[in-house]
Protein chains: 2
Amino acid sequence: MVTKQFRGSPKEADLTRADSLAREIFSDIANKWALLIIEALGERTLRFGELRNEIEGISHKMLTQNLRMLERNGLVERSVHPTVPPRVEYTLTEPGQALRETVNGMCGWTGQYLGHIEASRRRFDA
Amino acid sequence: MVTKQFRGSPKEADLTRADSLAREIFSDIANKWALLIIEALGERTLRFGELRNEIEGISHKMLTQNLRMLERNGLVERSVHPTVPPRVEYTLTEPGQALRETVNGMCGWTGQYLGHIEASRRRFDA
DNA sequence: CAGCATCCCCAGAGATACTG
DNA sequence: CAGTATCTCTGGGGATGCTG
């Protein structure tokens, strides 16, 4: 149950901790930039700049910020090649790949229901 | 491809439009409150207040805002019972249910990798 | 009870610039 | 090329109060 952070009973103290942690992680990851990064990486290894080009409209800052967060949570691996100029590459880890499956689902869903949604919007906006 | 909003070639004008729309929809939906609402609704029908209780920490404003957005995109159906006091119920539509499948995936993923993630965080924070 | 409007404020996002 | 830091400012989001 990710929707709840806390439960009432003190007996469930560790469940509560797990819930609260789960919710925290969910909140980290359930944001568009993080998910777009995961989607963009896919099975490839990409450099910082390549990612930046790949993801329309993301700023330098948002990209680093989200990459750090994903790295911290163990979803992406960051490898630095000490060349000059520097070359930094990002890859999805196994947990990252696993999450990517469901992100693919979301992307597929978006495509599949484009029509529905567009129509629904027109109805609603009237 | 949700990561790109626009493509270069003018020949792909309608693909471009579809991409840009897809990205817009993706950005709408890929935020924690929207996803938590979808998860909370599940197969049930819930009233506004029930949803508010169900989702730890969501504000009145965020809840209405996201519900409107989801309604506009045709993911939830809003039914008003003209009683007094008013009773407003929300249910997932078929597209909403379909998306919920993948959201369930994300929640499952979170639970499954809690350990990995917690460990990774400890490593990173050192 | 649910919705909308208003006010207000601070975190978050962009822009810019410097370093390894 | 990638990362970090600083500054600025906007708009997201909370709080409150009124209406149907």
Side-chain angles (χ1 to χ4, degrees), chain A residues 3 5-6 23-24 26-37 40-41 44-73 75-92 124-126, chain B residues 3 5 23-37 40-41 44-73 75-92 124-126:
Chain A
T3 48
Q5 275 190 85
F6 303 107
R23 172 60 165 279
E24 191 188 324
F26 190 88
S27 300
D28 264 14
I29 285 161
N31 87 63
K32 68 173 178 177
W33 292 131
L35 296 182
L36 286 172
I37 290 172
L41 274 176
R44 301 176 289 175
T45 290
L46 291 180
R47 303 180 57 176
F48 184 89
E50 291 170 337
L51 267 171
R52 190 147 164 45
N53 293 334
E54 205 62 30
I55 302 173
E56 179 79 32
I58 195 168
S59 70
H60 185 101
K61 190 179 180 180
M62 284 301 96
L63 185 52
T64 20
Q65 219 168 74
N66 279 276
L67 281 172
R68 286 294 161 281
M69 180 274 284
L70 291 173
E71 190 192 355
R72 180 170 118 91
N73 288 317
L75 302 202
V76 308
E77 189 183 323
R78 174 169 179 272
S79 60
V80 184
H81 303 249
T83 58
V84 46
R87 179 185 187 83
V88 182
E89 295 181 330
Y90 295 90
T91 326
L92 289 182
F124 187 91
D125 294 340
Chain B
T3 48
Q5 276 190 85
R23 172 60 164 279
E24 192 187 323
I25 292 167
F26 189 88
S27 300
D28 265 12
I29 284 161
N31 86 64
K32 68 172 177 177
W33 292 132
L35 296 182
L36 285 173
I37 290 172
L41 275 176
R44 303 176 289 176
T45 290
L46 291 179
R47 303 181 57 178
F48 184 88
E50 292 170 336
L51 267 172
R52 189 147 166 45
N53 293 333
E54 205 62 30
I55 303 172
E56 179 79 33
I58 195 169
S59 70
H60 185 102
K61 190 179 180 179
M62 284 300 95
L63 185 53
T64 19
Q65 216 167 78
N66 280 276
L67 281 171
R68 286 294 159 282
M69 180 274 284
L70 291 173
E71 192 194 353
R72 180 170 118 92
N73 289 318
L75 302 202
V76 307
E77 190 183 321
R78 175 170 177 272
S79 60
V80 184
H81 302 251
T83 59
V84 48
R87 179 186 189 84
V88 183
E89 294 181 330
Y90 295 90
T91 326
L92 288 182
F124 186 92
D125 294 341

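Letters go in sequence order (proteins before strands), and every chain restarts at 1.
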| request: With sequence neighbours left out, write down each residue that passes side chain to side chain contact (heavy atoms under 4.5 Å, CB included) with B:N31, or none if nothing qualifies. | output: B:W33, B:A34, B:N66, B:M69
| Interatomic distance where CG belongs to B:L63 and P belongs to C:dC4 [whole Å] | 12 Å
| message | Using the side chain to side chain donor-acceptor pair (under 3.5 Å) criterion, which residues pair with B:E89? Sequence neighbours excluded. | response | B:H81, B:R87
| Qualifying residues under ring pair (Phe, Tyr, Trp, His ring centres under 6.0 Å), relative to B:H60, sequence neighbours excluded | B:F48
| field | Contacts of B:V80 that satisfy side chain to side chain contact (heavy atoms under 4.5 Å, CB included) - sequence neighbours left out | value | B:R78, B:V88
| remark: Those residues at least two apart in sequence (or on a different chain) that pass side chain to side chain contact (heavy atoms under 4.5 Å, CB included) with B:Q65 are B:K61, B:M62
| task | Dump the intermediate steps for side chain to side chain contact (heavy atoms under 4.5 Å, CB included) on B:E56 and B:L36, then the final yes or no. | result | CA-CA 10 Å; B:E56 179 79 33; B:L36 285 173; over 6 Å; no
| With a 4.5 Å heavy-atom cut-off, do A:L35 and B:F26 have their side chains touching? | yes
| message | Taking side chain to side chain donor-acceptor pair (under 3.5 Å) as the definition, give me every residue that meets it alongside A:T91, ordered by chain and number, with sequence neighbours left out. | response | A:T45
| said: Taking side chain to side chain donor-acceptor pair (under 3.5 Å) as the definition, give me every residue that meets it alongside B:R72, ordered by chain and number, with sequence neighbours left out. | reply: A:D125
| task | Taking all non-hydrogen atoms of both residues into account, name the closest pair between A:Y90 and A:V76 and its distance. | result | CD2-CG2, 4.3 Å
| message | Can you pull out every salt bridge (Lys or Arg N to Asp or Glu O under 4.0 Å) where at least one residue sits in residues 44-53 of chain B? Sequence neighbours excluded, please. | response | B:R44-B:E54
| request: Anything under 4.0 Å to a heavy atom of chain B counts; send over the first and last such nucleotide of DNA chain D, read 5' to 3'. | output: D:dG13 to D:dG20
| query | Taking CZ from B:R47 and C1' from C:dG3, how many angstroms apart are they, rounded to a whole number? | reply | 14 Å
| task | Could you walk me through whether A:L75 and A:I37 pass side chain to side chain contact (heavy atoms under 4.5 Å, CB included), step by step? | result | CA-CA 11 Å; A:L75 302 202; A:I37 290 172; over 6 Å; no
| request: Would you classify A:R52 as touching base, sugar-phosphate or nothing, given that sugar-phosphate means primed atoms plus P, OP1 and OP2, and contacts are heavy atoms under 4.0 Å? | output: nothing
Which atom pairs link the protein and nucleotides 12-18 of chain C when you take only N or O atoms and keep those under 3.5 Å?
{"unit_1": "C:dA13", "atom_1": "N7", "unit_2": "A:K61", "atom_2": "NZ", "d": "3.0"}
{"unit_1": "C:dG14", "atom_1": "OP2", "unit_2": "A:S59", "atom_2": "OG", "d": "2.5"}
{"unit_1": "C:dG14", "atom_1": "N7", "unit_2": "A:K61", "atom_2": "NZ", "d": "3.4"}
{"unit_1": "C:dG14", "atom_1": "O6", "unit_2": "A:K61", "atom_2": "NZ", "d": "2.8"}

| field | Any residue of residues 82-90 of chain B with a heavy atom less than 4.0 Å from an atom of DNA chain D | value | B:P86
| Quantified as the angle between the terminal helix axes (five pairs each), what is the overall bend of the helix from C:dC1-D:dG20 to C:dG20-D:dC1 to 10 degrees? | 50°
| message | Nearest 0.5 Å, please: how far is CG in A:L41 from CD1 in A:I55? | response | 7.5 Å
